[in-house]
Number of protein chains: 2
Amino acid sequence: MTRATRAAVEQVVPAPARKSDETRRRILNAALEIFRERGLEAATMREVATAAGVAVGAAYYYFPAKDAIVLAFYEEAQHVMRPALEAVLARKASLEATLRGIIQTKLNTFADNRQLMSALASHVDPKKPLSPFSAETAHIRESDLHFFQQAVMQTKLKLPKNIAPYVPRLLWLYQMGVLLFWVYDESPEQHRTAVLLDRTLKMLTVGLRLAALPLLRPLHRLAGDLLEVVYGD
Amino acid sequence: MTRATRAAVEQVVPAPARKSDETRRRILNAALEIFRERGLEAATMREVATAAGVAVGAAYYYFPAKDAIVLAFYEEAQHVMRPALEAVLARKASLEATLRGIIQTKLNTFADNRQLMSALASHVDPKKPLSPFSAETAHIRESDLHFFQQAVMQTKLKLPKNIAPYVPRLLWLYQMGVLLFWVYDESPEQHRTAVLLDRTLKMLTVGLRLAALPLLRPLHRLAGDLLEVVYGD
DNA sequence: GTCTATATGGAGATAGAC
DNA sequence: GTCTATCTCCATATAGAC
């Protein structure tokens, strides 16, 4: 079959995958627009379906629940952010600068959908699918973690042996905290979050410099002990 | 009216306040039992009303929403804990021991209703009434904060001037974190939480001892700066 | 004020059309 | 596989009985 022939066939009999992708996309876009306008809670699946020109059941065929739409948005954002995050790492700057770059990239990406993020941020319960700690979001979490691992490796920090393995996960957690704060930060232009981010990053840098002091040995032991149990296999 | 007469009257015409209190109590108890058995999400207001022997509307007359029942439970627990918390403070022990006592008292009080607490813990959004950060729970928060204030005052710590005012609130937040961890801690007998609590409290003690070091001055400045903006009026 | 009966509107499930 | 029509069950609202 030549390329032209195949194209012709596809015009007559549109590939099913193509068609369904388009419906899915239409539902997703309609939903996101309504979420942004009216807020996630206020939006109903009926509105979404109507706006997308399908029956309610169709929306549920593509997204098992309202939350799943938000998850799809998040997955897409994750994908969109990747080049920017890789660019940050490529700069091979200090850990502080790299972390700042990573977190700032996320804030920028989500800026237009800040209140939409509350759906993801507000579920702490690991059993809820949308929780950043759930099994359903594990793949996002892992791929995210990867950036923090790289950030740490690049700066060849001298970290205590018993703490080092947990540092990327701790930084990921820190970043989640900043994001959570940001989602509910109603100060003008989220100014408070900007200060939070700046000061805590600086504290991190100072803290890491001090971490090598032998005076802090007892803290290392306690922390290592704790992390082993909390993150324990 | 003699005391005997009044008692007689009350027997014939039960004071309305008395009657409604009893209904409210019946609904509350029925609800808590069902919540414990089947879990908060799975429990429906219908079940609760039926179990309490009233119509659904009656349940809503006393509690504007399902969440409000959980809040009522929490308020009651707060009241029940008070003597135990005051006893902890009366011991006038070290800050570490006092904090340990306060937090352990809470864990003990809530032990039978651990999963019920998830309703309170899982709402981070300050706009949701049940959130520990909401306006609706402000009175609980303040009264809670009071214990941490006392704990700090008793130990006459030498804290940097620009940080001292925020320490009770930071400790309250720390305690919320421990509680949150505990709610979702599925390790046997919540062993992980026990380790978390123990180690972090010890780290706090070590940390406070080191806090006085002039070496840490830059951290003080950054932290004070941060707290002023984040907790800013 | 206390409570019942009933209504409303939404999330999500399902049977079956194509 | 894709989608519509329809159903169930629930939270919450409301009219009005007592």
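What's counted below: heavy atoms across the whole structure, side chains too, no hydrogens, waters or symmetry copies. Residue numbers start from 1 in every chain, and the chains themselves are labelled A, B, ... in the order their sequence lines are given, proteins ahead of strands.
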Practice problem: With the side chain of B:Met45 defined as its heavy atoms from C-beta on, choose the nearest nucleotide among D:dT4, D:dA11, C:dT4. | Solution: D:dA11

Exercise. Ignoring the backbone of A:Thr44, work out which of C:dG10, D:dA11, D:dC3 is nearest its side chain.
Key: C:dG10

Quiz prompt | For atom CG of B:Asp21 and atom P of C:dT2, their distance in whole Å | solution = 9 Å

Self-check item: Touch class at under 4.0 angstrom, heavy-atom based, for A:Val56 against every strand present
Solution: nothing

Practice problem: Can you tell me the distance, in whole Å, between the CD1 atom of B:Ile69 and the C1' atom of D:dA11? | Solution: 12 Å

Quiz item: If you check the B:Ser20 side chain, which of C:dA11, C:dT2, D:dA11 turns out closest?
Solution: C:dT2

Practice problem: Report the nucleotide, chosen from C:dT4, D:dT2, C:dT2, that has the shortest atom-to-atom distance to any side-chain atom of A:Tyr62. | Solution: D:dT2

Quiz prompt | Position toward the 5' end of DNA chain D (nearest nucleotide), A:Arg46 or A:Tyr61 | solution = A:Tyr61

Self-check item: Short side-chain to backbone donor-acceptor contact, B:Ser187 and B:Arg192, under 3.5 Å
Solution: yes

Practice problem: Considering non-hydrogen atoms only, spot the tightest contact between A:Leu40 and A:Gln115 and give its length. | Solution: N-OE1, 4.2 Å

Exercise. Select one nucleotide: of C:dT2, D:dT4, C:dT4, the one nearest the side-chain heavy atoms of A:Ala55.
Key: D:dT4

Practice problem: Could you give me the CA-CA distance, side-chain angles and deciding distance for B:Arg141 and B:Glu136, then say whether salt bridge (charged side-chain N to carboxylate O under 4.0 Å, His left out) is met? | Solution: CA-CA 10 Å; B:Arg141 201 163 51 244; B:Glu136 287 84 348; over 6 Å; no

Quiz item: Atom CG of B:Asp67 to atom C1' of D:dC10: distance rounded to whole Å?
Solution: 14 Å

Quiz item: Any side-chain donor paired with an acceptor under 3.5 Å for A:Ser118 and A:Tyr184?
Solution: no

Exercise. From the options C:dC3, D:dT12, D:dT4, select the nucleotide whose nearest atom is closest to the side chain of B:Lys19.
Key: C:dC3

Practice problem: Mind checking B:Ala68 for me? I need base, sugar-phosphate or nothing, with any heavy atom below 4.0 Å counting as a touch. | Solution: nothing

Quiz prompt | Spacing between B:Ile27 atom CD1 and C:dT4 atom P, to the nearest angstrom | solution = 8 Å

Quiz item: Can you find a side chain N or O atom of B:Thr23 that sits less than 4.0 Å from OP1 or OP2 on C:dC3?
Solution: yes

Quiz item: Do A:Arg169's NZ or CZ and the ring of A:Tyr231 fall within the cation-pi criteria of under 6.0 Å and 45°?
Solution: yes

Quiz item: Is any side-chain nitrogen or oxygen of B:Lys66 closer than 4.0 Å to OP1 or OP2 of D:dT12?
Solution: no

Practice problem: Using a heavy-atom cut-off of under 4.0 Å over every strand shown, decide if A:Ala43 touches base, sugar-phosphate, or nothing. | Solution: sugar-phosphate

